[in-house]
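Notes to accompany the following structure.
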Amino acid sequence: MKAKPDDRRDNVEHIQENINHTIENMRRADEMIEETSDDKAKESLKAKNGRREEALKGMRSEIRDEAIARKNGYK
């Protein structure tokens, strides 16, 4: 059985979807932080959003790399 060839043509779109999803999760978490009086839950949500922010930095870097690779014909 042959391995499936690497097809990067839609990587930019997939990464952008992940970015959008992560930003939406951050927005929802911020809303929950504002609505809850549970300090432990607030801290947990803030920590998750911190990790999400770090993940966004990586995804934004990756999307730039993929866009450049696409422009250059994936060489």
Side-chain angles (χ1 to χ4, degrees):
M1 183 178 270
K2 281 187 170 182
K4 194 173 179 182
D6 187 22
D7 184 1
R8 297 172 58 186
R9 291 176 295 184
D10 61 354
N11 280 5
V12 171
E13 291 77 15
H14 285 290
I15 297 166
Q16 187 60 55
E17 287 175 18
N18 289 336
I19 289 171
N20 294 344
H21 185 72
T22 300
I23 290 170
E24 177 63 19
N25 284 343
M26 290 176 73
R27 185 190 64 75
R28 288 181 180 171
D30 285 338
E31 288 175 358
M32 291 172 66
I33 289 168
E34 292 298 318
E35 294 174 5
T36 188
S37 59
D38 183 342
D39 289 336
K40 188 173 180 178
K42 283 183 183 186
E43 290 306 312
S44 175
L45 290 167
K46 287 178 184 179
K48 284 182 183 182
N49 273 356
R51 292 189 298 274
R52 288 176 176 133
E53 190 62 47
E54 289 302 312
L56 281 173
K57 289 178 187 176
M59 286 186 271
R60 288 177 176 136
S61 175
E62 186 178 0
I63 203 169
R64 277 190 297 273
D65 293 345
E66 286 294 329
I68 290 168
R70 177 187 282 180
K71 182 179 176 185
N72 293 332
Y74 298 105
K75 295 176 185 171

Sorted by first residue and then second, give each salt bridge (Lys or Arg N to Asp or Glu O under 4.0 Å) pair with at least one member in residues 15-27; sequence neighbours left out. Glu24-Arg27, Glu24-Arg28, Arg27-Glu31
Straight-line distance of Glu62 CD to Asn18 CG, nearest 0.5 Å: 8.5 Å
Report whether Ile23 and Ile63 are members of the same hydrophobic cluster (ILVMFWY, side-chain heavy atoms less than 4.5 Å apart, transitive linking). yes
Is there side-chain contact between Lys71 and Ile68, with heavy atoms separated by less than 4.5 Å? no
Return the minimal non-hydrogen interatomic distance between Val12 and Glu66, and the atom names on each side. CG2-CB, 3.7 Å
Nearest 0.5 Å, please: how far is CG in Asp38 from OG in Ser44? 9.5 Å
Ion pair Arg70/Glu13, N-O distance below 4.0 Å: yes
Is the closest basic N to carboxylate O distance between Lys40 and Glu43 below 4.0 Å? no
Close side-chain approach of Met26 and Leu56, heavy atoms under 4.5 Å: yes
So, Thr36 side chain and Met32 main chain: donor-acceptor pair closer than 3.5 Å or not? no
Return the NE2 to CD distance between His21 and Gln16, rounded to the nearest 0.5 Å. 13.5 Å
CZ of Arg8 to CG of Asp65, rounded to nearest 0.5 Å, is 9.0 Å
Any idea which heavy atoms bring Asn25 and Asn49 closest together, and the distance? O-OD1, 4.3 Å
Least distance between heavy atoms, Met59 atom then Ile15 atom: O-CG2, 3.5 Å
